Amino acid sequence: MRKDPDTAVVVQIGRGPTGTALARQLLPGLPAGSRYVVIDRDPAATHLAFGTPEPTHLLNTRAAKSALNLGDPEELQRWLTEQSSATGEPVAEFPSRAAFGRYLRDVFDQAVKQAAAAGVVVDLLQDEAVGITGGPGDWQVRCASGQSYRAERVAICVGMLAQTDPFPELVGRPGYFGDPWRLPELPADARVAVLGTRLTAIDVGLTLAARGHTGPVLLASRSGRLPRLRGPETTAPVPHVDRCLRAAADAGTLRLEDFGRALMADIEAASAEPPDWSQVRDCGPTTRAMLAAELAEVEAGTERGWQQVVNGASPLLLPAWQLLAEADRAEFFAEWLTPLLVHGAPIPPETARRVLDAMDAGRLRVLGGLYHVVADDTGFELFAEDHVRRADVVINATGAGTDEAALRTEPLLAALLDAGLLTAHPLGGVRIDVSTFEPLDGAGTPVRGIHVVGDLNRGAVLVTNDVIALSFQAALAATAMRAKNEAGVHIS
Ligand SMILES: Cc1cc2nc3c(=O)[nH]c(=O)nc-3n(C[C@H](O)[C@H](O)[C@H](O)COP(=O)(O)OP(=O)(O)OC[C@H]3O[C@@H](n4cnc5c(N)ncnc54)[C@H](O)[C@@H]3O)c2cc1C
């Protein structure tokens, strides 16, 4: 029996894809009269990924593979088809991220409507959570407005952190922009250097192209590698990886070297030609010729063994990560994270075609080996291993930070770190108990009744950068939240 009608069963902070997936899992199980509070500082949830109005910013996963509903993979495709019959526009294989943002809002609104019909009170609040106090069973979430909300449980779904500046001495220099999502108008002929060569950097290049920017745009990073292209969604069997994980589960630990060998054996078995392993880590910056060749391959529908194995093995990454020893996880982050992101977060062929067009028009180039950027009186100098390049404008598009300094840029997370309710994970984000998604305090004890879901769990679960992985996390967290815990608090 609930004691205090003002105490919410859950206060959820954040209603991006993760918060939406969590709410739609939890709301249907709540008894009539329960209160569920959702706090988001952006009422329309026009957050980074899916708030972009730019039509060339596409979902990098196919619509058929991106439904925010593990039990109904066709949901997004159906939603797009309904929209298409209303607007007359064809259903895109890779829809715009703005369209996905609208789908997200519809899904959330629908979940709230159904909960309201079942007598659950859902409060949607525009506010910024800045602190959490109290203890198991009676948490208080404090907001910037001065309001406070009591809850049996708190779900922290605050998404990716702000970017960190790779060259902090550039911050505040005229012509340096640390936020790639809020670009001011730039002189159309400015020489622009974008720091980063992955998804965010490509977004910046596409935004500038859409604005009719005529000056040269340079995407620059240490690796100089653009993401690979998303080919067919077919999967290859991964018997070596399966065997390796079974043996590791029996032994209670997995060696990175064994996992790597098993993955290579499966890729070799799935490939028509013996793979060139030197290409995985050390192939150098992506050239126009490399991009054109891969685009031709994907447009021809060629099956690529490595991608089929990545598709087949990706559901196994979470259990594999849990079995890896701490030192091997650190080695993975140091040595293999870039190859994983390059191969595991590929771009749609249409995006690659736009990049190639910009390269062919002489408007876009890629630079590898970047190690330093210096500001002077007339602009910036970029130092790479073999080149020095000049730019009038530098835009940081290196992606979200995950270390403790990045956590502390968020007032809520800084307060929770100071209060000892969160501790930084050495590989990024915060430490959690992976069976309940509860954060670990300084003594390694789970903080009962607080749950962290999303990119903050990067160090703990590795894959947190796509909506399917986030839905999966939300489903696991919801299961844990429904279960009665040691403090005897339960939500349904
Ligand atoms: C540019 C970009 C493109 C991406 N493209 C894709 C893609 O194509 N396909 C894919 O599968 N994945 C993509 N991702 C990865 C991932 O799916 C997204 O980052 C996704 O938005 C993460 O969802 P989230 O709900 O965890 O975080 P977010 O979407 O960031 O939502 C977090 C919410 O929490 C709110 N919030 C944060 N702090 C507070 C606070 N203190 N108080 C109140 N509210 C708060 C924010 O306002 C926000 O609405 C992309 C990521 C980025 C950055």
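Read the numbers this way: they start at 1 and go in the same order the structure lists the ligands and their atoms. Computed from a predicted structure; not experimentally measured. Heavy-atom basis, side chains included; hydrogens, waters and symmetry copies ignored. We're numbering straight along the sequence, starting at 1.
Nearest-heavy-atom check against atom 47 (O) of ligand 1 across Val467, Asp40, Thr464 picks out Asp40.
On a distance-only criterion, Thr18 and ligand 1 share at least one N/O pair closer than 3.5 Å. The shortest N or O to N or O distance between Pro17 and ligand 1 is below 3.5 Å. Here's the thing with Asp203: none of its N/O atoms is less than 3.5 angstrom from an N/O atom of ligand 1. In terms of polar-atom proximity, Ala49 is not counted as a contact of ligand 1, lacking any N or O under 3.5 Å from an N or O of the ligand. Considering backbone and side-chain atoms together, Asp455 places no N or O closer than 3.5 Å to any N or O of ligand 1.
Looking at Glu185 and Arg211, their side chains come closer than 4.5 Å, going by heavy atoms from C-beta outward. Counting heavy atoms from C-beta on, the side chains of Leu161 and Asp455 never come closer than 4.5 Å.
Looking at Phe50 against ligand 1, only its side chain comes within 4.0 Å, counting heavy atoms. For Cys157, every heavy-atom contact with ligand 1 shorter than 4.0 Å involves the backbone, none the side chain. When heavy-atom distances to ligand 1 are checked against a 4.0 Å cut-off, Ile468 has no atom that comes that close, whether in backbone or side chain. Of the heavy atoms in Arg97, only side-chain atoms (C-beta onward) come closer than 4.0 Å to ligand 1. Contacts between Asn60 and ligand 1, counted as non-hydrogen atom pairs separated by less than 4.0 Å, involve both the backbone and the side chain.
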Assess whether side-chain contact (heavy atoms from CB on, under 4.5 Å) is satisfied between Phe167 and Val394, documenting all intermediate values. CA-CA 11 Å; Phe167 304 106; Val394 170; over 6 Å; no
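A salt bridge does not link Arg78 with Glu82: none of the charged nitrogens is closer than 4.0 Å to a carboxylate oxygen. No salt bridge links Asp6 with Arg150; every basic N to acidic carboxylate O contact stays at or beyond 4.0 Å. A salt bridge links Arg97 to Asp203: one of the charged nitrogens lies within less than 4.0 Å of a carboxylate oxygen.
Applying the 6.0 Å contact sphere to CZ of Arg408 captures more than 12 heavy atoms from other residues, nucleotides or ligands. Dense packing is recorded around CZ of Arg191, with more than 12 heavy atoms of other residues, nucleotides or ligands lying under 6.0 Å away. The number of heavy atoms from other shown groups lying within 6.0 Å of CZ (Phe94) is above 12.
Those atoms of ligand 1 that come under 4.0 Å of a heavy atom in Thr61, given as number and element, are 9 (N), 11 (O). Those atoms of ligand 1 that come under 4.0 Å of a heavy atom in Ile13, given as number and element, are 40 (C), 42 (N), 43 (C). Using a 4.0 Å cut-off to heavy atoms of Gly14, the atoms of ligand 1 that qualify are 33 (C), 34 (O), 35 (C). Using a 4.0 Å cut-off to heavy atoms of Glu128, the atoms of ligand 1 that qualify are 41 (N), 42 (N), 43 (C).
Note on ligand 1: Thr200 sits outside its first shell, no heavy atom being nearer than 4.0 Å. Residue contacts with ligand 1 leave out Thr20, since none of its heavy atoms falls under 4.0 Å from the ligand. Heavy atoms of Ser66 stay at 4.0 angstrom or farther from ligand 1. Within the 4.0 Å heavy-atom cutoff, Trp181 counts among the residues contacting ligand 1. The closest approach between Leu199 and ligand 1 stays at or above 4.0 Å for every heavy atom of the residue.
The distance from atom CD of Gln147 to atom CG of Leu125, rounded to the nearest 0.5 Å, is 8.0 Å.
Among all heavy-atom pairs drawn from Ala201 and Gly196, the shortest one is CB-O, 3.0 Å.
Side chains of Gln83 and Tyr103: no donor on one and acceptor on the other come within 3.5 Å.
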